[in-house]
Enquirer: 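Sharing a structure below in structure tokens format, with a few things to ask.
Heavy atoms only: backbone and side chains are in, while hydrogens, waters and symmetry mates are out. One-based numbering, in listed order, for ligands and for the atoms of each.
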Amino acid sequence: MLILRSNFLLVFFPTTRRNMSNKHLPLFLEGEVVKGFGRGSKDLGCPTANYPLEVVQSLPKDLEPGVYYGWAQLDSGTVYKMVANIGWCPFYQNQQMSVETHIIHKFDKDFYGSLLKVSLVGYLRGEKNFGSLDDLIEAIKNDIINAKNMLELPEAQTVKENSFFTKSQNV
Ligand SMILES: Cc1cc2nc3c(=O)[nH]c(=O)nc-3n(C[C@H](O)[C@H](O)[C@H](O)COP(=O)(O)O)c2cc1C
Ligand SMILES: Nc1ncnc2c1ncn2[C@@H]1O[C@H](COP(=O)(O)OP(=O)(O)O)[C@@H](O)[C@H]1O
Ligand SMILES: [Mg+2]
């Protein structure tokens with residue numbers, strides 16, 4: 001009987017967590033790119049486009065904090081792959097929840113003030129507190145690899161084609 005109960009917990013708990021984090025997906029968000037703490041580029045070598053508080057406050061209240069993969073579009077331009085972090089950045093112990101998107105593309109300059117549309121397609125992992133900056137950087141590199149792979153799947157490609165993303169005039 002005891003063995004059965006422990007089996008039940010082992011199998012059931014991760015499944016429940018995954019369902020909770022996927023419940024609202026795909027989730028579509030849009031807003032202006034605003035200034036954050038300036039750590040993404042300087043500390044982590046990974047710039048993140050931050051949303052204003054209104055966007056953070058518009059999230060479903062039971063959305064699981066953590067790292068998501070999906071699609072991003074700036075000012076009606078190309079739709080790129082992205083990874084996004086939603087939460088309080090335990091490594092930095094932020095007081096306010098943030099939504100930040102790293103677009104998997106090399107841009108020549110900053111784009112503060114642009115309109116950023118994103119769709120969260122899938123959940124990668126929960127936010128963690130790391131023992132060192134290098135460990136956080138390593139985790140982010142892995143997230144980017146995982147996001148790139150997951151976004152090749154047909155279900156993810158379908159979200160990229162959603163009419164939420166503005167079609168370019170030239171296409
Ligand atoms: C893919 C990805 C994963 C992240 N994972 C974590 C994490 O596990 N723990 C954490 O404290 N912060 C995490 N962050 C958030 C960084 O701490 C954050 O991007 C950094 O503080 C930059 O903030 P800023 O935009 O205000 O400069 C992650 C960011 C990205 C892009
Ligand atoms: N690939 C990219 N993904 C996200 N932001 C980028 C990217 N390339 C350049 N940027 C610029 O860098 C800024 C984010 O850098 P970051 O160090 O996180 O600063 P902040 O704390 O102000 O968000 C974005 O707002 C954007 O203007
Ligand atoms: Mg940022």
Enquirer: Do V121 and I104 share a hydrophobic cluster, counting only Ile, Leu, Val, Met, Phe, Trp and Tyr and linking them when any side-chain heavy atoms are less than 4.5 Å apart?
Expert: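 Yes, same cluster.
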Enquirer: Establish, from distance only, whether the side-chain atoms of S119 and K160 form a donor-acceptor pair under 3.5 Å.
Expert: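 No - no donor-acceptor pair under 3.5 Å links their side chains.
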Enquirer: Who's closest to atom 7 (C) of ligand 2 heavy-atom-wise, of A49, G113, P47?
Expert: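 Going through A49, G113, P47 one by one, P47 has the nearest heavy atom to atom 7 (C) of ligand 2.
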Enquirer: Strictly under 6.0 Å, is that where the ring centroids of Y123 and Y68 end up?
Expert: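 Judged by ring-centre distance (under 6.0 Å), Y123 and Y68 do meet the cut-off.
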Enquirer: Relative to the heavy atoms of F130, which atoms of ligand 1 are at a distance of less than 4.0 Å?
Expert: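 Reading through ligand 1 atom by atom, the close ones are 7 (C), 8 (O).
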Enquirer: Considering D108, D110, T48, which one's heavy-atom position lies nearest to atom 18 (O) of ligand 2?
Expert: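 Closest candidate by heavy-atom distance is T48.
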Enquirer: Could you tell me which atoms of ligand 1, counted from 1 in the order shown, lie closer than 4.0 angstrom to a heavy atom of G38?
Expert: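 The list of qualifying atoms is 27 (O).
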Enquirer: Could you tell me which atoms of ligand 1, counted from 1 in the order shown, lie closer than 4.0 angstrom to a heavy atom of G36?
Expert: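 This gives 26 (O) as the contact atoms.
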Enquirer: For ligand 2, which part of K106 has a heavy atom less than 4.0 Å away: the side chain, the backbone, both, or neither?
Expert: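 K106 to ligand 2: no contact under 4.0 Å from either part.
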Enquirer: Distance under 4.0 Å to a non-hydrogen atom of G40: what atoms of ligand 1 satisfy this?
Expert: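 Ligand 1 atoms under the 4.0 Å threshold to G40: 22 (C), 27 (O).
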Enquirer: E64 and R125: salt bridge (Lys or Arg N to Asp or Glu O under 4.0 Å), yes or no, with the steps?
Expert: CA-CA 10 Å; E64 188 80 0; R125 64 174 175 89; over 6 Å; no
Enquirer: How does I104 reach ligand 2, by side chain, by backbone, by both or by neither, if only non-hydrogen atoms under 4.0 Å count?
Expert: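 Neither part.
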Enquirer: Please report whether ligand 1 has a polar contact with F37, defined as an N or O pair separated by less than 3.5 Å (distance criterion only).
Expert: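 Yes: some nitrogen or oxygen of F37 is under 3.5 Å from one in ligand 1.
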Enquirer: I need the atoms of ligand 1 closer than 4.0 Å to a non-hydrogen atom of V83, numbered in the order shown.
Expert: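 What qualifies from ligand 1 is 1 (C).
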Enquirer: Nearest protein heavy-atom contact for atom 21 (O) of ligand 2: which residue, which atom, what distance?
Expert: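 Minimum-distance protein heavy atom for atom 21 (O) of ligand 2 reads G38 N, 2.5 Å.
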Enquirer: For ligand 1, is there an N or O atom under 3.5 Å from any N or O atom of Y92?
Expert: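 By distance alone, the answer is no.
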Enquirer: Under a single-linkage definition using a 4.5 Å side-chain heavy-atom cutoff for Ile, Leu, Val, Met, Phe, Trp and Tyr, are M150 and V67 assigned to the same hydrophobic cluster?
Expert: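 In one cluster: yes.
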Enquirer: Please check if any side-chain donor atom of D62 sits under 3.5 Å from a side-chain acceptor atom of H24, or the reverse.
Expert: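 Note: D62 and H24 side chains meet the donor-acceptor criterion.
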Enquirer: Taking non-hydrogen atoms only, is F111 closer than 4.0 angstrom to ligand 2 via side chain, backbone, both or neither?
Expert: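 It is both parts that get close, each with some atom under 4.0 Å.
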Enquirer: Using a strict cut-off of 4.0 Å, indicate which atoms of ligand 1 neighbour a heavy atom of E127.
Expert: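 The list of qualifying atoms is 8 (O).
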Enquirer: Can you tell which part of I103 has a heavy atom less than 4.0 Å from ligand 2: side chain, backbone, both or neither?
Expert: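 The answer is both, backbone and side chain.
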Enquirer: Find all atoms of ligand 1 within a distance of less than 4.0 Å from any non-hydrogen atom belonging to K128, and give their numbers and elements.
Expert: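 Counting from 1, the qualifying ligand atoms are 7 (C), 8 (O), 9 (N), 10 (C), 11 (O).
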